[in-house]
Amino acid sequence: MPPKFDPKDPAVAPLIALFESLGLSTPKAVEAAKAPKTAAALKEIILGQDLEGKRLDEKRAVLISSLAGAGGKLGHEEKAYIVRKVEEGKLERADQLAAGVKYLELHKNAIDDEEFDRECGVGVVVTPEEVKRLVLLYLSENAKEIEGWQAFSATLMKLKATPELRWAPTLDVKNVTEGAFVERFGPKVAVNPKDAKKTAGAAKVAPASTAEASSSTAVTTERSVFEEGFLGKLHKPGGNPQINPKLKEQHLNATGGNVWTRFPPEPNGFLHIGHSKAIFVNFGYAAHNHGKCYLRYDDTNPEAEEQQYFDSILAMIRWLGYEPWKITYSSDYFQRLYDLAVDLIKRDKAYICHCSAEQIFADRGGEERGPRRACEHRNRPVEESLVEFEGMRDGKYKPGEAILRMKQDLEDGNPMMWDIVAYRVLNAPHHRTGTTWRIYPTYDFTHCLCDSFENISHSLCTTEFILSRTSYEWLCDALEVYKPRQSEYGRLNIQGTVMSKRKILKLVKEGHVSGWDDPRLYTLIALRRRGIPPGAIISFVSGLGVSTSPSNIQTARFEQAVRQYLENTAPRLMMVLKPLKVTLENVPEDRVVMIEKPLHPKVPELGTSTVPFTRTLYIDADDFRLEDSKDYFRLAPGKTVGLFQAPAPITCTRYRTDPTTGEVVELFCNLEESNSTSKKPKAFIQWIADHPASGSPVRVDETRVFLQLFKSDDPAATEDFIADLNPNSLEVVKGALLEVGFWSLAKKAMVDARKESEARLKSAATAGSEPAKEASPNGASHDARSEPVASVEQLVGNECIRFQGLRVGYFAVDKDARLGCLTEEDATTPGARSGDSVILNRIVSLKEDSAKKAS
């Protein structure tokens, strides 16, 4: 049995020190020393190429360390050639290094510098925009061969093998491909391996290699949410029965036999988290089946509709990652709907009623649910109803004096068949048709007919509309028009909040929240402002699945889904919420060490930031206490603690208190010596250096911490939901500090968001999205008729700047913040500007803290 590896072993410690002198961090140097063969090869390279003590940046040092393992067949000259290319920054990634080694193995005696650079992708830059264009082009050209998530791994390999994408960042290619697969097939859903045999069409071919075995497993254990349960059982296009076979034929000719869906919101309020499920179901199901999805504004109630709602609805759909095929309005069909109403009267299946609301209620059985009676106007002559309906249209009646009711079946047990209203009088101008109309169709008359006009194959809605399905089908058959199939799924509810427009409006008007986008609410604009990534919402909704049962989800479960999404996507910055000054007494006042640190320890693609280390630091006050204990590992008098990424640990020697309050206001510490034999501290804390020349620290004007808005899980069910408000749902912390890397991160996030939005708009237009094709060249979000169109700005905002404050939480920049450098040219060096106001919103904590829940 080989001896246990010991970094302090006299034979090993010098190796670790040598590897550190190359530029490897201590953990990587220790790891490199563990394998004797590789360690010996790395030692030979360092000494043979005069690299000892060079302290290269860690990225280059890691590449040279990799050469020790990969370049075993290379001679001294070939290794020297590779090392020079790494030092010059021409070989920057592991795949380039591997290509370089392969080239030199084949051309040991005939190295052509230009050919080497070409083979290794030296100088090749593939921008994120170009990656997206090339990936989408490939997927479009090979759509027939790509049938679902089971093809993802193979598709990714083929993409990376294309000459154009060979040297593109692998993470960029993977992310774009994943996004395209989600849009087309819906998010991946893992299924129980025991159910793998049930997967339709699962291949039963014995793999020829381990790699193929892994791929085969993925085929049988991953299925889209659109292929299972409620959505998996939906009818095929054309499978919905018609009163006349010709209607089916005409429908299939119009759609080409494809899935056509629609998302039909009423523009009388802002969308909330529940709507995200409807958007996911309708747009996602269509995309998964290579179909199309309309955004149809159900604008039949001009008294409640406002421009801001129209604008926000389109913006939220696009923010969630979807592009409408077309935008339509129920008002587009007002004349056609009116003509069908006249036709319905002529068929003696509708009549004008002058009863009051109280009389209609009584005729329906009243409070006692007694026997139903026909309205006294139900059997009036058809010609009389036609004249009266024309009178309604021409302004003869005031609201409530006359309505058009459908003549259905009063004996049916379904109240939606008890002669429901089709048209009513509203004396309100319409935002699109002005004063042309004085009568407006109801939802129950409009919805099914607009679905019919637009050849919707699947009318997907929540279970609250189950009873409406009967009247939906009755009306289509009564008029002998194409009849879509309505199918209902369970709605999504989040506990601990309210989503009623009336209740939220009350909260806004009475000043309990700052507006419809107050981050404590669960409107989509509020979640966006808080910093919730749209991908996290889609992932959350997909993970819940789709069935006929409602989903009543605790806020803790939603926030956990957000954490999981942010874990490997959010860069990490050092952040001090409650600063406590630290003076390192044994460090010269003019000493400055610039430290390059990763923005994520496990995701190198997120890059690095460079921070200063000086005599004066700030740590979080919570990382110091006066009384030490055995189970406490952070800083205390006489105690040593590590600093994240810093050169060495520090030991607290004394402290200073405020003479008035007795509060500790400054610590005096010593910077300890650090080498490979030093004892590793039991804990590491974060810190921010005071170094005005580099802009450190970044001072945060406000850090807003949000907790549950209500004390109970179901405030809507309480007698007075206002009394259920949690008085401690918002905490504002002033004076927090951030590392100076914040500025470059913020600038990059905004530049990337704008580029991604521009690329997406072009891609959507190419794919046939009319709102994208109609986008204004000057970036306007409205067309000449003041109707919303797709724009770049819809997807760009301060909330795009997200990060994890180490050991504090996940944060995003609030819309109220002012960061001057973000308005400057992309190439401008980011940093603080006069008039800046840094305001952060906590997206979620690092983990659920039961002590901070509302009680």
Give me the ring orientation class for F152 and F181: parallel if the planes are under 30° apart, tilted from 30 to 60°, perpendicular past 60°.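 Geometry flag for F181 against F152: perpendicular rings.
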Look at the aromatic rings of F684 and F644 and report parallel, tilted or perpendicular, splitting at 30° and 60°.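 Ring orientation, 0 to 90° scale: parallel.
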If we check ring-ring contact (aromatic ring centres under 6.0 Å, His included) with F226, which of these qualifies: F283, W149, F280?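 Exactly one candidate clears the test, F280.
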Considering all heavy atoms, the nearest [X]-[Y] contact:
X	Y	result
F633	A683	O-CB, 3.2 Å
T548	T463	O-CG2, 3.5 Å
V698	V740	CG2-CA, 3.8 Å
S547	F230	CA-CB, 3.8 Å

Heavy atoms, side chains only, cut-off 4.5 Å: are [X] and [Y] in contact?
X	Y	result
F710	N726	no
M574	V611	yes
R530	V844	yes
R704	L730	yes

For the backbone of [Y] and the side chain of [X], can you confirm whether one donor and one acceptor N or O come within less than 3.5 Å of each other?
X	Y	answer
T261	N282	yes
D724	S712	yes
Y565	N568	no
D701	V838	yes
S763	A759	no

How long is the straight-line distance from [atom2] of [Y] back to [atom1] of [X], given to the nearest 0.5 Å?
X	Y	atom1	atom2	result
L507	L521	CG	CG	6.5 Å
I313	L524	CD1	CG	10.5 Å
K160	T177	NZ	OG1	10.0 Å
L577	K734	CG	NZ	13.0 Å
L737	Q686	CG	CD	10.5 Å
R842	Y810	CZ	OH	12.5 Å

I would like to know whether K503 and T497 meet side chain to side chain contact (heavy atoms under 4.5 Å, CB included); could you show each step before the answer? CA-CA 10 Å; K503 286 183 168 63; T497 189; over 6 Å; no
Using the rule given for side-chain hydrogen bond (donor to acceptor under 3.5 Å, both in side chains), can you reason through S845 versus R563, listing the C-alpha separation, both sets of side-chain angles and the distance that settles it, and then say yes or no? CA-CA 8 Å; S845 59; R563 282 188 202 94; 3.2 Å; yes
Does a side chain donor of either [X] or [Y] reach within less than 3.5 Å of an acceptor in the other side chain?
X	Y	answer
T608	E596	yes
E793	S791	no
T555	Q708	yes

Among T523, N841, D814, which residue satisfies the side chain to side chain donor-acceptor pair (under 3.5 Å) criterion with R529?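 Answer to the side chain to side chain donor-acceptor pair (under 3.5 Å) test with R529 among T523, N841, D814: D814.
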F540 ring center near F558 ring center (under 6.0 Å):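 Between F558 and F540, which both carry aromatic rings, the centre distance is below 6.0 Å.
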I'd like to know whether CD of E58 has more than 12 heavy-atom contacts from other residues, nucleotides or ligands below 6.0 angstrom.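 Yes - once you tally the heavy atoms of other residues, nucleotides and ligands closer than 6.0 Å, there are more than 12.
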